[in-house]
Amino acid sequence: MSKQVRVRFAPSPTGPLHIGGVRTALFNYLFAKKNNGVFYLRIEDTDQNRFVAGAEEYILEALEWLGISPSETVGKNEKFGPYRQSERKELYKQYADQLVNSGWAYYAFDTAEALDVHRKQHEADGKTFIYNWHNREKLDTSLVISTEATDKRITASEDYVIRFKTPVNETLHLHDIIRGDIKFETNLLDDKVLFKADGMPTYHLANIVDDHLMETSHVIRGEEWLPSMPLHSLLYKAFGWDAPEFAHLPLILKPIGNGKLSKRDGDKMGFPVFPLEWTRALGEQNEAKTDEGISSGYRENGYFPEAVVNFLALLGWNDGTEQEIFSLEELTEKFDLTRVHKAGAKFDPEKNKWFNHQYLQKQSDEDLAKAFAPIVYEKGIDVDYTTLVKIISSIKERANFVSDFWELADYFFVAPTSYDEKAAKNWKEETPNLMQQLISVLENIGDFTSVNIATIVKDWMTKNEIVMGKVMQPFRLSLVGALKGPHLFDIVELIGKDETIKRLENAIASL
């Protein structure tokens, strides 16, 4: 690569950052870091009608939480600032005029009503109306009226747009890093609006101008932008600029059925599609037909940011091995755009949980205990930190989230008030007598540690020729309320002698 790698993530602040956008940001970040380049964030807010307050701040906070913050953005290292398009709007008109003056664009004065008439006429004839080479000289444009007449109408403040003049009868041979060589026929393209009547540029013009001025070397974006590639390539040609290299990422697909994963799929199917929780504005609530107006986020659902990053990295990319767990540093080292797949990647919520499970197991018991402590204290339970660490150590292998700990460990803190019906079938006629004998054994144990308790209790059973199942299953049922949990004698040590005996007595009385 002859020039410095500079890549951007350029979202519109129209709502929360969808997980597909997060993956686009991640792949840009990894590519930049792999090539000692720059990853920058540009806010594309030219469509003020769709602007949502708080969305820009949400995007920045989400990227920071995920550990993929941009090197340059609004208010940070603004080498090519401003990084908010609404603050650059004075720039775009001169470039639109430049295209008109060079013959690559033209003024169009067609009203919405006139265009609607043309569409209906085409529909009546069984055709689709496309504003392009075929009819642009039959419409109300500067291509068919004199320069003087055009200037007069503009001076009179008549509404107009500036459209790109797509070349006729050309075949564009373009290259995409992921998809290889692609051909486009210019006769099939429409003449896109570049500059709107409200004095704002469209996405296409602003995007190209900013990518050029901000020295973007590679445009890495979602597959949905692939149809824009010929127009953008032609715009670079029209300006006489070198185009960046393009790479269009595969779609993230729904878990079931066909189609792109949407912002509403998470609400419908019960899993997050946003990095952070989002409280929807009124208009968004109406669109979603929901009362609460809240979409869940990965952070609030207890996902580790490293797990989210790892999961997303493997949606459409792999390093050619069977490895699945990658740190951000490993992903940076191994990432290669040529190993990104063309086909869409199906989103799997269960695999997402699996990744979180893997990262939870990598956390220290001490850190997990700190995260779990507020849940315990919120329930009015006072437990010392050392004990909490030991409890976490005994149960964490069965958890996907810190929030799972309470259900897995509630019996450590609260004695059972009911007993699993199926498990209670192990409570036989002789069981109360055996449990009473067990209480006597436990009362006489001085060193009340797991290993010592296990040794003494097993010696008692062996000496009295008692079958292990007749004691161990009722013993666990008495302490836990079900036949679940970690090593039984670890539970006994952690709840202590007095509590163990008390629970055995309660079970004898209840069962």
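Bear in mind the structure is a predicted one, so any value in this text is a computation, not a measurement.
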Residue pair [X] / [Y]: nearest heavy atoms and the distance that separates them:
X: R339; Y: N318; value: NE-O, 2.9 Å
X: S327; Y: Y359; value: N-OH, 4.3 Å
X: S71; Y: N77; value: O-ND2, 2.8 Å
X: F401; Y: G302; value: CD2-O, 3.5 Å
X: A345; Y: G316; value: CB-N, 3.7 Å
X: T216; Y: V7; value: CG2-CA, 4.5 Å

I'd like to know if the side chain of [X] reaches the main chain of [Y], judged simply by a donor and an acceptor atom lying under 3.5 Å from each other, with no hydrogens or angles considered.
X: D336; Y: D319; result: no
X: N35; Y: G37; result: no
X: D125; Y: K127; result: no
X: N28; Y: F9; result: no
X: D190; Y: I130; result: no
X: E44; Y: T46; result: no
X: D45; Y: Q85; result: yes
X: S142; Y: Y107; result: yes
X: H18; Y: G20; result: yes
X: T186; Y: T166; result: no

Inset, instruction - Determine, step by step, whether F347 and F311 satisfy the ring-ring contact (aromatic ring centres under 6.0 Å, His included) criterion, reporting the C-alpha distance in whole Å, the side-chain angles of both residues, the deciding distance to 0.1 Å, and the verdict. - result: CA-CA 10 Å; F347 187 93; F311 170 69; 5.2 Å; yes
Hey, what's the ring geometry for [X] with [Y], parallel, tilted or perpendicular (30° and 60° as the breaks)?
X: W241; Y: H212; result: parallel
X: H122; Y: F129; result: perpendicular
X: F239; Y: Y95; result: perpendicular

Looking at [X], I'd like to know if its [atom1] atom is crowded, meaning that more than 12 non-hydrogen atoms belonging to other residues, nucleotides or ligands lie closer than 6.0 Å.
X: K353; atom1: NZ; value: no
X: K484; atom1: NZ; value: yes
X: N101; atom1: CG; value: yes
X: Q94; atom1: CD; value: yes
X: K396; atom1: NZ; value: yes

Enter the distance from [X]:[atom1] to [Y]:[atom2] here, rounded to the nearest 0.5 Å.
X: K263; Y: W278; atom1: NZ; atom2: CH2; value: 8.5 Å
X: L213; Y: L91; atom1: CG; atom2: CG; value: 6.5 Å
X: Y92; Y: I162; atom1: OH; atom2: CD1; value: 14.5 Å
X: E64; Y: I59; atom1: CD; atom2: CD1; value: 14.0 Å
X: K33; Y: L328; atom1: NZ; atom2: CG; value: 9.5 Å
X: L360; Y: E306; atom1: CG; atom2: CD; value: 11.5 Å

A side-chain contact here means heavy atoms from C-beta on lying under 4.5 Å apart; do [X] and [Y] qualify?
X: F274; Y: Y58; result: yes
X: L249; Y: I220; result: yes
X: L41; Y: L60; result: yes
X: D191; Y: Y106; result: yes
X: V38; Y: Q4; result: yes
X: V273; Y: F271; result: yes
X: R299; Y: E277; result: no
X: P272; Y: Y303; result: yes

Inset, instruction - With sequence neighbours excluded, tell me which residues meet side chain to side chain contact (heavy atoms under 4.5 Å, CB included) with P486. - result: S394, I395, R398, Y411, F412, I491
Legend entry - side chain to side chain contact (heavy atoms under 4.5 Å, CB included) involving N187 - partner list, sequence neighbours excluded: W133, V168, N169
Inset, instruction - With R136 as the cation and Y131 as the aromatic partner, state whether NZ or CZ is under 6.0 Å from the six-membered ring centre and within 45° of the axis. - result: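 No, R136 does not lie over the aromatic ring of Y131.
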Inset, instruction - Can you spot which of R23, R179, K342 makes a salt bridge (charged side-chain N to carboxylate O under 4.0 Å, His left out) with E223? - result: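 The residue from R23, R179, K342 that satisfies salt bridge (charged side-chain N to carboxylate O under 4.0 Å, His left out) with E223 turns out to be R179.
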Legend entry - Pair Y298-N352, side-chain donor/acceptor within less than 3.5 Å: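 N352 and Y298 do have a side-chain donor-acceptor pair below 3.5 Å.
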Legend entry - For Y83, the option from R42, E72, E78 that meets side chain to side chain donor-acceptor pair (under 3.5 Å): E72
Inset, instruction - Could you walk me through whether E158 and K152 pass salt bridge (Lys or Arg N to Asp or Glu O under 4.0 Å), step by step? - result: CA-CA 9 Å; E158 187 172 336; K152 188 175 181 180; over 6 Å; no
Inset, instruction - Check the pair K120, E123 against salt bridge (Lys or Arg N to Asp or Glu O under 4.0 Å), reporting the backbone distance first and the verdict last. - result: CA-CA 5 Å; K120 288 178 178 176; E123 287 174 9; over 6 Å; no
